[in-house]
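Let me begin by presenting the structure, written as C-alpha cells, before commenting on it.
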Amino acid sequence: MDSTYSHKDHEDKIYKLWEESGALNPDTQKNADKSKPPYTILLPPPNANASLHAGHGMFVVEDILVRYHRMLGQPTEWLPGTDHAGFETQYVYEKHLAKQGTSRFQFDRQTLFDDIYQFVQDNSGTIFAQLKKLGFSCDWSRATFMLDDKVVKIVYDTFAQMVEDGMVYRDNYIVNYSPKQGTTFSDLEVTYATRQDPFYYIRYSSDPEIIISTVRPETKFRDTALACNPNDPRYKDLIGKTITFNGLLGPVEMQIIADDEVDMEFGTGIMKVTPAHDAHDFALGKKYDLPVLPLIDFMGKMDFSWYIDSHQSPATSHESLYLERARKYHGKKVAEARKLIVEDMMAEGMIVKVDEKYTHNVAVDYKTGSDIEPMVMPNWFVATKKLAAPAIAAARNKKVQFVPARFEKTYYDWMENIRDWPISRQIVWGIRIPIWYSVKDNPNLSVTFLDKDKNRVTGIVGELLGDIRYTTYDILSGLQSLRAPMGAKYVVSVDSPGEDFLPETDTFDTWFSSGQWPLTTLNYPNGDDFNRFFPTQVLDTMWDILFFWVARMIMFSLYKTGEVPFSTVYLHSMVTDEKGAKMSKSKGNVVNPIELVDKYGADALRMALIAGSAPGNPIALSENKVRGYRNFSNKLWNIGRYITLLTEQSEFSSSKVQVSSQSEDKKLIDELNDLVKKTTENLDNYRFSDAALSAYDFVWNRLASDYLEKTKSREDKEAVFATLYTVFSTCLKLLHPFMPFVTEAIWQEFGGELLITSPWPVY
RNA sequence: GGGUGAUUAGCUCAGUUGGUUAGAGCGCUUCGUUUACAUCGAAGAAGUCGGGGGUUCGAAUCCCUCAUCACCCACCA
C-alpha cells in the first residue's frame, strides 16, 4: 500500500467494480434478501442538459440512505433520471440560437422541438457521469428521461382522466404572461422586483373631486369602473353613480363601485379598475360583473384597434385629435406608450401630482426577470382544491412526514390556500397538450406559421383557408403557434383525429409531468416496478421545490393511486459558500464540486457536505473543510496500511484471529458496539451529521491516536491485530455510506467480497 | 402585511426529549524528522451560548419580550 491515499488511482476503478458486481440494481444485487421490503428512492431529476453544481452534491444523503439499506440486505432501488425542464431549457436554447444570429421564430414548432431535443441529447450524459464521480450508487439501468415514451404516455393518460373527471378545464382567466418570453407562468414562477416608478395622481373630475393614483396610466383606457371603500366618507355619496369626464380619447362614462378591499388609506382612496390587466381588478370585475377589455397584445404592445376601427371618420376637430392620439399610442411598447400618454395628460392638465420616488413591487418571471403582464387569455387549468384535500389529510394522518417537521406547517399553509394551476405554456419544449381543434368547427382559430417560402404568416384560419395559397396541411406543417378562442370546440387526443384538425401548440408546465415522476418512472399502473417499489420510502430534495414538485407529486399520486408516493420528505441543506452566502454566478462565489472531487476526492467532498449539516438549514462549503476530510481519508488509509504491515511483520494470518480478553481490548470492543448502535440509530433518524461525525471521532481519536499508539509497545501482536482488525473493519462499514470509495479501497486491500454489499454490523 | 429559521470559540457550524467542568473542523500558540499517516503527533489559548425577563432543584435547550440577519408566502391600485 502507498503511504498516502491517492483517490484518483481508486475512485473510477471502484465505481466500475460496483457497477459490474450488479450491486446497483436490486435484480442483481448479491446480498438482496427477497424476504425484506425493498428500499426505494427516486433521484430528483436534474435538467437533462445541466452539469453538476454544488447543490446536486447534497443528493449524497440519498446515497447514504441507499447504501445503508443495501447493507441491511434490502433490495435497494435508487432510480435516476433527467428532466426536460421546459421553459428553462428552451431559454438556454434560445440564447444559443441568438448567438447564431437566429431565433425561435425562424422555425416551425416541430423542427424547433427536434432541434432542442438534439441539443439536449448532445449535452446529456454529463450529469450522470458527474453523479458517478460523486460515488452515487444509482440503478442506471432504470434511468428515465422526462420525454421517454413511457413518461409521456402516462402524462397523457392522466390529462385525459382529469378532463373526464372535470379536474382540468379551459378558461379565460387572468394569468401571468411574459410578452418577452411569450408564455404564461404559474404563480410559483413569478417573483417580484422592487422598483422606483413615478406615481401619477390623475384628476377624473373636479366636482365631485375624483383623483385616482396609479403607476400605470396607460391602461386607463380600458378601465371599466372606479372603486372606493363603502365606508369612505369622501366618496360615499357617489357609490352606484356614473360619472362622466373627459379622457384623452374623449368623454368617458364610469360607474363607481364600492368594495371592502379598497384601502381608504392608500393614495386617494379611490382606484381605477382594469380587469383585463390586473389580477386584483380582474377579481373585482368578476365580483361586480364588469367587462374585461384588453389593451395590450401578446407582444406587449398597445392595441388601440378597438378605438381606431370604430372612429374612422372624425366629425369634429376634437375627434380628429382623439383619433390621432389613438394612432400615436397604437403598436407602441407599454413603457413607450406610457411616456406619450403622460405627456398628453400633462398637456391637458389632467395630472395634478407626480410622486417620482414611489417604490413598489413589479412582477417578473423567476428565470429571466422579464416583466410579467397580467393578461386575460384562455389557458388550461387544473382544479386543485379537490387534489389538495387528500394531500392535506395524508400529512395530518402522518402518511407523509417531513424532516425537519416544521415544513409540515409550510406545506399546510400552501395547500390550504392553493389556487388553480395554469398548466399550459406557450413554448415548444415540453409535452404537447393532447388537444386538437377542427378547422371546420373553429374558423376563428388564430395561427402563426411558416408558409412554403418560410415566410411567417399570422391570421385567422377561416380567412387563411379561403386563400388559395394555403391548405390546412400547409398550416399544420409550418405551424408555430395556435390560439384558440374561448369556447373553441376541441377533441382530447394524442394523435390527429383527422385531416381537418390543427393541434394545440401549448405544452404542459414542466411540473405537470415531473409531478407524476413516481408513477412514470415505475410504470404505473401495472409495471412490475410499480408493484414492487411503490410507494417509495424517502423523497429527498431542497425546500425550494416543496410546492413546485413535492406537493404536486403527493397530489397526483393520491389522485391516481389513492396512496402517497413516499412516506418521508427529507429536505436537505442548501449549499452556500464558506461565508454562508447563497451561491450565484453574479456574485462569482460558485463552487464547482467536480474540481473539489478532482483535488480532494469524492469522499472528502461528501463528508464536507454532511458534517455539520442539518436538514432545512444551509451548509457552508469551504475548500478547507474538504481538505480536512481528505486528510481523514488518508488517515483511514494509513490505519489500514498499519494493519496490513502488522500481518506482514508477523507469522500469524488474518484468517484465524480472535479478539483477546485483555481489558484494554475489550473496552475498545465495547465502545465500538456503542458506536455501531449510535450510528445505526442516527441513520434511522436521518441524523447524518451525527452518524458521520461520531464515526470520524472514534476512528481518529479513539482508535488511531489512542488505542493504536498505546498498543505499539505490546508484545502480543496477534491479539492487538485481532482487535484492530475487528474494530477497524467494522468502522469501514459504518463509514462506507459516507465515504464509499476509500472504505471500499481499503476493504479491497484486505481482500474478500465487496464492501458495498457486505452486511451492516449488528450490536 | 403574514410566516419560518438563525444568533454558541477568530471563522463555519453541531449540541436529539432541559441534567455533571458547553463540542467539532478550520485557524491560532508552543514543541516534535517516535519506520501507519507532516494529508502527522503532543500540549495549549480561546466562549458571561444576541440583550432583557420568567418557569425550574437545574436552561444554550422551555415560555415571554426586544434586537439584528437570512429566507418563504402574499402583494395595495
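Residue numbering restarts at 1 for every chain, and letters A, B, ... go by the order of the sequence lines.
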query = Is there a donor on the side chain of D413(A) or the base of rC73(B) sitting less than 3.5 Å from an acceptor on the other?
reply =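 Per atom types, no contact qualifies.
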If we call it a pair only when both distances are under 3.5 Å in a Watson-Crick or G-U wobble match, what pairs with [N]?
N: rU34(B); answer: none
N: rA77(B); answer: none
N: rA45(B); answer: none
N: rG50(B); answer: rC66(B)
N: rU56(B); answer: none
N: rA9(B); answer: none
N: rC71(B); answer: rG3(B)

F750(A) ring center near Y725(A) ring center (under 6.0 Å) =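 So the answer is yes for these two rings.
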query = Are Y358(A) and H360(A) near enough that their ring centres are under 6.0 Å apart?
reply =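 Centroid separation for Y358(A) and H360(A): below 6.0 Å.
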Which label fits [X] and [Y]: parallel for a plane angle under 30°, tilted from 30 to 60°, or perpendicular past 60°?
X: Y686(A); Y: F688(A); answer: perpendicular
X: F407(A); Y: W543(A); answer: parallel
X: F199(A); Y: F266(A); answer: perpendicular
X: Y696(A); Y: F632(A); answer: tilted

request  = Name the closest nucleotide to the N617(A) side chain, picking from rG5(B), rA77(B), rG3(B).
outcome  =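 The nucleotide sitting nearest to the side chain is rG5(B).
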task = Tell me which nucleotide among rA77(B), rC75(B), rU4(B) gets nearest to the side chain of Y192(A).
result =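 The answer is rC75(B), which lies nearest to the side chain.
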task = Write down the distance separating the P atoms in rC64(B) and rA77(B), rounded off to the nearest Å.
result =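 Rounded to whole Å, the distance is 34 Å.
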message = Between K678(A) and D674(A), does any side-chain N to carboxylate O distance fall below 4.0 Å?
response =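 No, no charged N to carboxylate O under 4.0 Å.
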inquiry  = Between K599(A) and E623(A) (salt bridge meaning N to carboxylate O under 4.0 Å), is one present in this structure?
reply    =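 Judged by the 4.0 Å cut-off on N to carboxylate O distance, K599(A) and E623(A) do form a salt bridge.
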ask   = So how far is it from I746(A) CD1 to M739(A) CE, rounded to the nearest 0.5 Å?
value =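 Here the rounded value is 9.0 Å.
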query = Can you tell me how far CD of E749(A) sits from NE2 of H10(A), rounded to the nearest 0.5 angstrom?
reply =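 Those atoms lie 6.0 Å apart.
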request  = Is it possible for you to check whether K220(A) lies under 6.0 Å from the centre of the six-membered ring of Y204(A), through NZ or CZ, and within 45° of that ring's axis?
outcome  =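 Cation-pi check for K220(A) and Y204(A): passes.
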key: Residues within residues 675-687 of chain A bordering RNA chain B, heavy-atom distance below 4.0 Å   =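 Contacting residues: R687(A).
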key: Side-chain donor-acceptor pair present, T219(A), K272(A), cut-off under 3.5 Å   =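 Checked: T219(A)/K272(A) side chains pair up, N/O donor to acceptor below 3.5 Å.
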message = On RNA chain B, does the nearest nucleotide to S689(A) precede the nearest nucleotide to M271(A) from the 5' side, or the other way round? Give the residue.
response =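 The answer here is S689(A).
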query = Start at the 5' end of RNA chain B and walk down; is the nucleotide closest to L188(A) or to I270(A) reached first?
reply =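 Closest to the 5' end, via its nearest nucleotide, is L188(A).
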ask   = Hey, is the side chain of R419(A) poking within less than 4.0 Å of OP1 or OP2 on rC75(B), counting only N and O atoms?
value =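 Looking at the OP1 and OP2 atoms of rC75(B), one of them is under 4.0 Å from a side-chain N or O of R419(A).
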request  = Measure the distance from NZ on K409(A) to P on rC73(B) and round it to the nearest whole Å.
outcome  =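 So the two atoms are 15 Å apart, to the nearest Å.
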Collect all protein-nucleotide pairs involving nucleotides 24-32 of chain B in which both atoms are nitrogen or oxygen and the distance is under 3.5 Å.
{"residue": "rC26(B)", "atom": "O2'", "partner": "N624(A)", "partner atom": "ND2", "Å": "3.0"}

Using the 3.5 Å cut-off, write out each protein N or O paired with an N or O of nucleotides 35-37 of chain B and the distance between them.
{"residue": "rA36(B)", "atom": "OP1", "partner": "K712(A)", "partner atom": "NZ", "Å": "3.4"}
{"residue": "rA36(B)", "atom": "O3'", "partner": "R641(A)", "partner atom": "NH1", "Å": "3.2"}
{"residue": "rA36(B)", "atom": "O2'", "partner": "N638(A)", "partner atom": "OD1", "Å": "2.2"}
{"residue": "rA36(B)", "atom": "O2'", "partner": "R641(A)", "partner atom": "NH1", "Å": "2.7"}
{"residue": "rA36(B)", "atom": "N7", "partner": "K712(A)", "partner atom": "NZ", "Å": "3.2"}
{"residue": "rA36(B)", "atom": "N6", "partner": "E709(A)", "partner atom": "OE2", "Å": "2.9"}
{"residue": "rA36(B)", "atom": "N3", "partner": "N638(A)", "partner atom": "O", "Å": "3.3"}
{"residue": "rC37(B)", "atom": "O4'", "partner": "N638(A)", "partner atom": "OD1", "Å": "2.9"}
{"residue": "rC37(B)", "atom": "O4'", "partner": "N638(A)", "partner atom": "ND2", "Å": "3.2"}
{"residue": "rC37(B)", "atom": "O2'", "partner": "N634(A)", "partner atom": "ND2", "Å": "2.8"}
{"residue": "rC37(B)", "atom": "O2", "partner": "K635(A)", "partner atom": "NZ", "Å": "3.0"}
{"residue": "rC37(B)", "atom": "N3", "partner": "K635(A)", "partner atom": "NZ", "Å": "2.9"}
{"residue": "rC37(B)", "atom": "N4", "partner": "E709(A)", "partner atom": "OE2", "Å": "3.4"}

